[in-house]
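Counting starts at 1 for both ligands and their atoms, in listed order.
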Amino acid sequence: MHQKTELPLRRLTLSIVSELLNIADTNTYLARSGRISRSNTITWKASPQCISVTFSPISIIGMALAFLSLLLLLLFPLSLLLTLRLIVRPKPVKIPIKNRHVFITGGSSGIGLALAQRAAQEGARVSILARSLQKLEEAKQSIRLATGIEVATYAADVRDFDAVKKAVNEAGPIDVLVVNQGVFVPQELEEEELDEVRFMIDVNLMGSFNMIKAALPLMKKRDGHGPASIAFMSSQAGQVGIYGYTAYSASKFGLRGLAEALQQEVIVDNIHVSLIFPPDTETPGLEEETKRRPQLTSIIAASSGAMKADEVAKKALHGIQSGSFIVPCNFEGLLLSIATAGLSPQRSFLMAFVEVFAAGIIRFAGLCFQWNWYGSIEKWHAQKRRKVPRSSWCLIYRCMHMAFLLVRSCPNGW
Ligand SMILES: NC(=O)C1=CN([C@@H]2O[C@H](COP(=O)(O)OP(=O)(O)OC[C@H]3O[C@@H](n4cnc5c(N)ncnc54)[C@H](OP(=O)(O)O)[C@@H]3O)[C@@H](O)[C@H]2O)C=CC1
Ligand SMILES: CCCCCCCCCCCCCCCC(=O)[C@@H](N)CO
């Protein structure tokens with residue numbers, strides 16, 4: 001008995017189900033349930049025991065097309081991986097640390113000190129630079145105690161180009177320069193003094209220019225010494241602007257522009273640039289910072305948790321050694337780095353693949369974070385408003401404020 005039906009999978013399934021249920025005649029079953037219709041794509045034959053399906057040429061073409069699209073679906077990621085492997089620039093590189101000169105600014109405390117200790121343990125000749133001679137001595141002693149290794153110390157302020165140049169010349173050619181010094185005075189811009197803004201931009205950004213201008217000539221001359229590195233200690237606040245960090249974020253975003261452009265300029269000298277992006281990190285600097293940090297800054301920064309200085313140093317050193325341009329330090333940092341990949345160089349074709357594929361969904365995650373942060377800001381302002389007393393004092397204050405504004409707007413000489 002032959003019947004022609006249309007292709008639907010449901011019908012085929014039904015017939016198989018009926019076979020399994022041992023329905024004597026599938027045809028009768030389908031006819032009774034009104035499910036048989038005429039078409040020329042599939043011919044099926046049913047008997048009480050078995051169903052045989054014969055496909056017409058049109059259905060074969062359909063299946064071939066489906067198979068081809070499945071193949072393409074698999075081939076697309078594979079060919080993308082292959083293409084990325086060929087095009088990622090700069091090319092992958094390994095930067096050795098052992099027996100090389102590692103120079104760390106801000107190496108007397110926190111992340112810089114942890115990095116100095118790690119680099120020394122890995123067999124590097126380490127120099128550290130900071131302002132306070134006393135802190136430098138304490139750092140030198142603590143590294144000696146922990147590892148038995150002597151590091152060289154240089155007292156200079158990165159804002160003073162001549163002092164920095166003198167220190168660098170004394171220290172000798174550098175293989176790995178870690179520009180790590182940084183200051184952070186968080187405050188809403190309206191309340192922050194311009195001097196504090198200038199302080200952060202001068203130390204974090206201009207100080208980094210001074211360091212590079214001082215060290216680069218000698219770094220370029222180290223012929224036959226293998227690949228060298230210039231690494232900048234940025235911050236996750238250098239990937240996304242955070243409440244209370246207007247000046248700090250600006251100084252760290254500035255480092256990114258500096259690093260991207262510099263990498264193109266020094267690639268010919270076999271010098272490789274890294275940008276490290278830590279979250280809040282337990283250091284003497286953070287301890288000071290939290291004493292005056294606006295509550296909202298702490299709430300938003302908590303989205304990424306906190307790390308220990310040594311954990312950050314470990315990630316940083318690994319990133320430098322593998323020549324990564326972008327170096328995230330924790331999981332949130334990894335997401336943030338993918339979300340903000342932009343046009344930054346990427347040496348790893350695997351990371352490039354992840355960036356291409358995850359871009360859309362991570363943008364969505366980023367928007368969710370912003371939704372959450374703006375929610376906190378709104379809530380905080382609502383609470384603050386509720387706390388303001390609606391007393392007569394408030395009215396008097398408002399009148400005085402209006403009078404003040406009136407006087408200020410009067411022409412000069414009044
Ligand atoms: N701790 C954190 O939460 C995070 C920190 N970072 C970044 O990591 C870096 C290190 O931070 P952290 O370890 O916490 O900081 P610390 O305050 O603990 O240490 C800062 C170091 O920089 C030195 N330094 C400061 N100003 C100057 C200057 N003008 N010239 C030369 N050296 C200077 C300090 O020594 P001295 O005072 O004697 O000069 C000290 O050695 C900074 O760039 C910071 O922005 C990034 C993300 C998070
Ligand atoms: C797409 C998904 C996004 C994932 C999460 C993003 C979380 C961002 C949090 C930013 C925290 C900034 C801390 C700055 C710390 C710092 O530099 C100061 N302590 C000064 O030293």
Side-chain angles (χ1 to χ4, degrees), residues 104-116 128-139 153-160 163-164 167 178-186 199-200 202-208 210-211 231-245 247-249 251-252 255 275-290 293 297-310 312-313 316 328-341 358-370 372-373:
I104 304 168
T105 68
S108 64
S109 165
I111 299 173
L113 174 58
L115 250 167
I128 55 176
L129 176 144
R131 286 168 304 178
S132 150
L133 203 61
Q134 192 197 331
K135 276 205 274 179
L136 280 166
E137 270 313 306
E138 285 166 11
T153 56
Y154 299 91
D157 189 321
V158 290
R159 289 169 294 179
D160 179 349
V164 163
V178 187
V179 186
N180 162 81
Q181 89 289 338
V183 286
F184 23 94
V185 195
F199 176 53
M200 278 182 269
D202 278 352
V203 175
N204 301 358
L205 192 54
M206 273 316 293
S208 303
N210 286 341
M211 262 325 293
F232 297 94
M233 194 59 69
S234 181
S235 156
Q236 287 182 359
Q239 294 179 296
V240 55
I242 301 285
Y243 184 105
Y245 279 150
Y248 180 67
S249 276
S251 73
K252 295 295 186 180
L255 286 184
L275 259 171
I276 303 149
F277 293 103
D280 264 349
T281 308
E282 291 163 23
T283 66
L286 182 72
E287 214 178 296
E288 277 305 304
E289 182 194 13
T290 40
R293 189 153 84 162
T297 311
S298 297
I299 292 173
I300 298 175
S303 318
S304 191
M307 289 179 78
K308 299 223 176 299
D310 189 51
V312 170
C329 296
N330 61 357
F331 179 67
E332 290 83 353
L334 180 70
L335 296 185
L336 202 49
S337 299
I338 300 169
T340 61
I361 191 73
I362 289 199
R363 171 69 180 135
F364 179 73
L367 291 171
C368 293
F369 271 90
Q370 286 292 351
N372 181 260
W373 294 339

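Nearest protein heavy-atom neighbour of atom 18 (O) of ligand 1: Ser109 OG, 2.7 Å. Counting only heavy atoms of the protein, atom 27 (C) of ligand 1 lies nearest to Arg131 NE, 3.5 Å. Distance from atom 32 (N) of ligand 1 to its nearest protein heavy atom, with residue and atom name: Ala130 CA, 3.6 Å.
Per-residue contacts place Glu289 under 4.0 angstrom from the following atoms of ligand 2 (heavy atoms of the residue considered): 18 (C), 19 (N), 20 (C), 21 (O). Those atoms of ligand 2 with a heavy atom of Gly366 less than 4.0 angstrom away are 1 (C). Contact atoms of ligand 2 toward Ile362: 1 (C) (distance under 4.0 Å to a heavy atom of the residue). The atoms of ligand 2 that sit less than 4.0 Å from any heavy atom of Ser235 are 14 (C), 15 (C), 16 (C), 17 (O). Residue Asp280 approaches ligand 1 through these ligand atoms, each under 4.0 Å from one of its heavy atoms: 3 (O). Listed by number with element, the atoms of ligand 1 under 4.0 angstrom from any heavy atom of Val203 are 26 (N), 29 (N). Near Ile111, with a cut-off below 4.0 Å to any heavy atom, the atoms of ligand 1 are 5 (C), 8 (O), 13 (O). In the vicinity of Met233, heavy-atom distances shorter than 4.0 Å reach the ligand 1 atoms 7 (C), 8 (O), 9 (C), 43 (O).
Judged by the shortest distance from any of its heavy atoms, Lys252 lies inside the 4.0 Å radius around the atoms of ligand 1. Taking a 4.0 Å cut-off on heavy atoms, Phe277 fails to register as neighbouring ligand 1. Under the 4.0 angstrom criterion for non-hydrogen atoms, Pro284 is in contact with ligand 1. Residue Asp157 places a heavy atom less than 4.0 Å from ligand 1.
When only interatomic distances are considered, the shortest N/O to N/O separation between Phe184 and ligand 1 does not fall below 3.5 Å. The shortest N or O to N or O distance between Ser108 and ligand 1 is below 3.5 Å. The shortest N or O to N or O distance between Ser304 and ligand 2 is not under 3.5 Å. At a 3.5 angstrom cut-off on N or O pairs, Gly285 counts as close to ligand 1. Taking any N or O of Ser303, backbone or side chain, none lies under 3.5 Å from an N or O belonging to ligand 2. Between Glu332 and ligand 2, not a single N/O pair is under 3.5 Å apart. At least one N or O atom of Val158 sits closer than 3.5 Å to an N or O atom of ligand 1. For ligand 1, the polar-atom distance check finds no N/O of Gln236 at less than 3.5 Å from any of the ligand's N/O atoms. At under 3.5 Å, not a single nitrogen or oxygen of Gln236, backbone or side chain, sits near a nitrogen or oxygen of ligand 2.
A donor-acceptor pair shorter than 3.5 Å cannot be found between the side chains of Glu138 and Ser108.
Summarising the geometry of Phe277 relative to Ser235, their closest heavy-atom pair is CD2-O, 3.2 Å, with the distance given to 0.1 Å. Residues Ala313 and Ile111 approach most closely at CB-O, 4.4 Å, considering heavy atoms. The two residues Leu136 and Leu129 make their nearest non-hydrogen contact at CD2-C, 4.2 Å.
At a 4.0 Å heavy-atom cut-off, ligand 2 does not touch Lys252 at all. With a heavy-atom cut-off of 4.0 Å, Ile242 touches ligand 2 through its side chain alone. Residue contacts with ligand 1, taken as heavy atom pairs separated by less than 4.0 Å, involve Lys135 solely via side-chain atoms from C-beta onward. At a heavy-atom cutoff of 4.0 Å, ligand 1 is contacted by the backbone of Ala156 but not by its side chain. Residue-level proximity to ligand 1 for Thr105 is absent, since no heavy atom of it falls below 4.0 angstrom. Contacts with ligand 2 closer than 4.0 Å are made by side-chain heavy atoms of Leu286 only, the backbone lying farther away. The proximity of Ala309 to ligand 1, defined as any non-hydrogen pair under 4.0 Å, does not occur for either the backbone or the side chain.
Of the candidates Ser234, Ala301, Pro279, Gly110, Pro279 brings a heavy atom nearest to atom 48 (C) of ligand 1. The heavy atom nearest to atom 20 (C) of ligand 1, out of those in Gly182, Ala316, Gly107, Ser251, is found in Gly182. Among Phe369, Trp373, Phe184, the residue whose heavy atom sits closest to atom 8 (C) of ligand 2 is Trp373. The nearest non-hydrogen atom to atom 21 (C) of ligand 1, considering only Ala313, Gly106, Ser208, comes from Gly106.
Salt bridge Arg159/Asp157: present, at least one basic N to carboxylate O contact under 4.0 Å.
Side chain of Thr281 to backbone of Met307: no donor-acceptor contact under 3.5 angstrom is found.
Within a 6.0 Å sphere centred on CG of Leu367, other residues, nucleotides and ligands contribute more than 12 heavy atoms.
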